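Some notes on the structure that comes next.
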Amino acid sequence: MRAHLIRQLLQHRRDVWTGIRRNVGMTAVVLQKSTDPIQQMYLSKIQAYAKKSKAAGGKLVDATPQFEHQLTEEKDRIKRMYGGGDMLNLPSFQFKDVDFDKHFK
């Protein structure tokens with residue numbers, strides 16, 4: 001079985017190498033800088049947003065004080081509606097095993 005596999009690989013090595021060369025060639029083309037103006041504009045917008053996001057330090061990007069005030073009011077309203085607590089983490093549940101033999105004797 002192993003010898004058969006090795007023989008097959010040796011017979012088709014030229015095809016395998018041709019495929020590898022083609023894939024490497026296509027990868028080089030894909031990795032080159034794009035000449036599509038729409039793609040360039042999209043990438044520049046993403047890079048600008050990344051800079052703004054880093055400068056904001058974890059807060060919302062380009063948020064006005066009015067919007068931030070509305071956001072805190074909404075968060076407070078949701079906390080009042082659902083009982084407060086930690087709204088960023090899921091609650092932890094602990095279930096006790098029920099002794100069915102005790103109840104059905």
Side-chain angles (χ1 to χ4, degrees):
M1 178 74 175
R2 188 173 176 187
H4 176 69
L5 181 62
I6 291 172
R7 195 173 333 116
Q8 288 284 3
L9 285 174
L10 290 175
Q11 287 175 352
H12 299 290
R13 71 176 171 226
R14 183 180 55 190
D15 297 332
V16 171
W17 282 113
T18 302
I20 290 173
R21 275 186 271 135
R22 286 181 184 164
N23 287 335
V24 169
M26 289 301 294
T27 305
V29 171
V30 170
L31 292 177
Q32 286 180 349
K33 195 170 186 178
S34 171
T35 58
D36 182 15
I38 303 297
Q39 188 177 13
Q40 285 291 53
M41 185 173 66
Y42 180 73
L43 289 174
S44 66
K45 291 289 183 180
I46 289 176
Q47 291 166 349
Y49 182 81
K51 287 179 185 177
K52 286 182 180 181
S53 178
K54 187 179 262 188
K59 294 184 179 180
L60 295 174
V61 175
D62 293 339
T64 62
Q66 296 163 335
F67 182 78
E68 288 182 2
H69 180 68
Q70 288 175 342
L71 181 64
T72 55
E73 284 181 351
E74 284 294 313
K75 285 181 181 178
D76 291 340
R77 185 180 65 83
I78 290 172
K79 280 185 181 180
R80 284 193 307 272
M81 282 176 57
Y82 295 104
D86 186 10
M87 299 298 283
L88 297 177
N89 295 318
L90 294 173
S92 62
F93 297 102
Q94 295 179 354
F95 298 101
K96 296 179 182 176
D97 287 336
V98 177
D99 187 12
F100 288 108
D101 292 334
K102 176 181 164 186
H103 294 289
F104 294 109
K105 282 188 178 181

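Numbers here simply count residues along the sequence, with the first being 1. What you are looking at is a predicted structure, and each value in this text was computed from that prediction instead of being measured.
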When clusters are formed from ILVMFWY side-chain contacts under 4.5 Å, directly or step by step, what else is grouped with V61?
-> Y49
Could you tell me the separation between the CD atom of E68 and the CD atom of E73, rounded to the nearest 0.5 Å?
-> 12.5 Å
In the hydrophobic cluster built from side-chain contacts under 4.5 Å, what are the other members alongside I46?
-> Y42
Candidate pair K79 and K75, rule side chain to side chain contact (heavy atoms under 4.5 Å, CB included), full reasoning = CA-CA 6 Å; K79 280 185 181 180; K75 285 181 181 178; 5.6 Å; no
How many angstroms lie between CG in L71 and CG in D76, if you round to the nearest 0.5 Å?
-> 9.5 Å
Closest heavy-atom pair and its distance - A63, L60 = CB-CB, 3.7 Å
Rounding to 0.5 Å, atoms CD (E74) and CE (M81) come to a distance of 9.5 Å
